[in-house]
Structures are given as structure tokens and as C-alpha cells.
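All figures in this text were calculated on a predicted structure; none of them were measured in a lab.
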Amino acid sequence: MIKPYAPLLAPEILERAKQLEVTQICDGMTQAGFAGGGSMAAGIRAVHPSMRVTGTAVTVETSNGDNLPIHLASYTLPNDGYVMVIDGKGYEKCAYFGDLIIAAAQCCGYIGMIIDGYSRDYEGNLALGFPVFSRGMMPAGPIKKDSGVINGTILCGGITVNAGDLVVGDSDGVCVVPRDQIDQVLTYAEKKRDYEAGREVTIAAYRKAKAEGSPLPQLAPQWVLDMTQKTE
């Protein structure tokens, strides 16, 4: 079953997200009240640490190593720029896709694929320069049987994903932000990014002063000092 594709997220939203790390977006999710920070299970990782993807979710639900729904989602895409997010139920006995379907999805306009399951053809994937996030490599191939559901609500890596949600993946993992919460979450994440930049300056100054034998600046952040006072 193929449900309607959600509109692509606005370019300005995607550009904001591209300036952030997944860890910062997860912290923004936590601050917005989402338990677990919107992070998929730790086992779903980039096939190569250099891979990063930021885009609008197309959701695919399948099981038992059946990749027919992945084919259907690939060849019915209305516009370039989506990320295919696949609930493969963590199936371990075969890979759901390899470099041929990765290449086809890339040609059809996808900018990345994320699966709660396994992929294959590591070298071919790298040669395509296409971001894939999976639970790892599995050489055994998939079956083709049932059409599954495309653009329904899925549970991928323990996280609920709807078509049109913001999906961001990098070397730390994958985070999903509900479409109606994106602005709030990114605002929190940007504040966290700015805080981290300030901490990096402080740490560098402390390191330099220590090496030079100069008076040491305050290293502990103010919130640590405040909490220390409360526990004394």
C-alpha cells in the first residue's frame, strides 16, 4: 500500500539542520520533552563514518527480509530530496538491499537510506557515495513477496517516524524530529551548539594557561558550580 508522499521540508529548515550535529539535535529533542532524545537504536549506524544525511522522511514498513516495498518506494518517488526510512523489524537473516537498489534509489532522487535491518555490498555502497545507515553488513540476499506499507507510521530503531519528519544522520547515529516540532527542536539545538562552542574556547584557554604555568581560568561550567553548592 502506497500512501501519499509528504511535502519536502523547506530548504531553510534543512539548511539549519545541516549546521547541527545529531548529538545537538538529540539534546534539543530532550529539552523539548522527548524521552530518549529522538535517537534511533545505537545499532543503526552509518555504513562509513563520513556519511551524513539530512532530509524529509519517506517511511517504508516491511519484514522478514522482504525488499519489494523498498523497490516500490524507490520507483514511485515524486520529487528528489527524500530519505527512505525503513522499518525492517531488525531482521537478521539477510540484507534488505545492496548496491543495485542503492544505485536505483539514488537515481530516482533519494539522498539517503536508513533501515532497522541489514544491508550489503559495502564496497559498492562506498563507490556510489550514498549515505546508508543500517545495523551492519549481511551477505545473504532478500526475498520479494509482499508490498508492505509506504508512508505509514513506522517504528524504526525504537523511534516513531512519520512521512515528512526531519531525519538527520551522521557518524554518531540517527535522530528523527516530528514535523510539527522542528522549529522548536532546532532552536534548542542551536543554543546547545553555541554553548558547546563557548565551552571549547574555555577549555582551550585552560589548556594554554596550564601549559604556560599561568593562573588557571575557571574550567567548571556555572551549572556545575551551582549544583555543587546545592549539595554541600
Side-chain angles (χ1 to χ4, degrees), residues 9 13-30 36-60 62 65 67 70 73-74 77 80-92 94-140 142 154-161 165-177 182 185-186 189 192-193 196:
L9 291 166
I13 289 292
L14 296 175
E15 188 56 35
R16 286 176 67 190
K18 288 176 182 178
Q19 305 307 311
L20 297 162
E21 299 172 359
V22 166
T23 53
Q24 294 163 345
I25 296 174
C26 286
D27 288 347
M29 287 283 285
T30 299
S39 173
M40 286 189 185
I44 300 176
R45 302 293 300 275
V47 167
H48 190 274
S50 65
M51 293 177 175
R52 180 183 172 99
V53 69
T54 303
T56 309
V58 166
T59 61
V60 178
T62 186
N67 79 351
I70 300 172
S74 296
L77 193 69
D80 293 358
Y82 288 90
V83 179
M84 192 187 303
V85 184
I86 307 158
D87 174 13
K89 317 296 183 190
Y91 190 71
E92 297 181 343
C94 72
Y96 276 98
F97 58 83
D99 56 1
L100 290 180
I101 197 167
I102 291 169
Q106 186 180 39
C107 287
C108 290
Y110 281 97
I111 60 172
M113 298 174 75
I114 296 165
I115 185 163
D116 191 347
Y118 291 79
S119 60
R120 66 179 184 175
D121 299 326
Y122 176 80
E123 296 292 343
N125 187 171
L126 293 188
L128 288 166
F130 186 80
V132 171
F133 295 73
S134 72
R135 286 190 176 271
M137 294 292 112
M138 166 60 71
I154 64 171
L155 192 69
C156 187
I159 295 296
T160 299
V161 190
D165 286 348
L166 172 64
V167 184
V168 184
D170 64 17
S171 57
D172 279 311
V174 179
C175 184
V176 179
V177 184
I182 292 173
V185 169
L186 292 186
K192 182 59 184 293
R193 177 195 60 198
E196 290 179 350

Under the salt bridge (Lys or Arg N to Asp or Glu O under 4.0 Å) definition, can you give me all pairs with a residue in [range], not counting sequence neighbours?
range            : value
residues 104-114 : none
residues 95-113  : none
residues 122-136 : Asp116-Arg135

In Å and rounded to the nearest 0.5 Å, what is the [atom1] to [atom2] distance from [X] to [Y]?
X      : Y      : atom1 : atom2 : value
Thr56  : Ile111 : OG1   : CD1   : 7.5 Å
Met113 : Ile86  : CE    : CD1   : 4.0 Å
Gln106 : Phe130 : CD    : CZ    : 6.0 Å
Asn67  : Ser119 : CG    : OG    : 12.0 Å
Asn125 : Met51  : CG    : CE    : 4.0 Å
Lys89  : Ile115 : NZ    : CD1   : 11.0 Å

Using side chain to side chain contact (heavy atoms under 4.5 Å, CB included) as the criterion, list what pairs up with [X], not counting sequence neighbours.
X      : value
Asp172 : Thr23, Asp170
Ala103 : Leu128
Ala95  : Arg120, Met138

Please find the pair of heavy atoms, one from [X] and one from [Y], that lie closest to each other, and give the distance.
X      : Y      : answer
Ala57  : Val161 : CB-CG1, 4.1 Å
Cys108 : Ser74  : CB-O, 3.3 Å
Tyr96  : Tyr91  : OH-CB, 3.5 Å

Exercise. Report yes if some heavy atom in the side chain of Leu20 is under 4.5 Å from a heavy atom in the side chain of Val168; otherwise report no.
Key: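 No, their side chains stay 4.5 Å or more apart.
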Quiz item: So, do Val132 and Val53 sit near enough that their side-chain heavy atoms are less than 4.5 Å apart?
Solution: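 Not touching, per the 4.5 Å side-chain cut-off.
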Exercise. Only counting residues at least two apart or in another chain, list the ones meeting side-chain hydrogen bond (donor to acceptor under 3.5 Å, both in side chains) with Gln19.
Key: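 Gln19: side-chain hydrogen bond (donor to acceptor under 3.5 Å, both in side chains) contacts with Glu15.
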Considering residues at least two apart in sequence or located in another chain, which fulfil the salt bridge (charged side-chain N to carboxylate O under 4.0 Å, His left out) criterion with [X]?
X      : answer
Asp165 : none
Glu196 : Lys192
Asp121 : none
Lys18  : none

For residues 38-48, dump all side-chain donor-acceptor pairs below 3.5 Å to protein atoms at least two apart in sequence or in another chain.
unit_1 : atom_1 : unit_2 : atom_2 : d
Arg45  : NH2    : Ser171 : O      : 2.8
His48  : ND1    : Ser50  : N      : 3.1
His48  : ND1    : Ser50  : OG     : 2.8

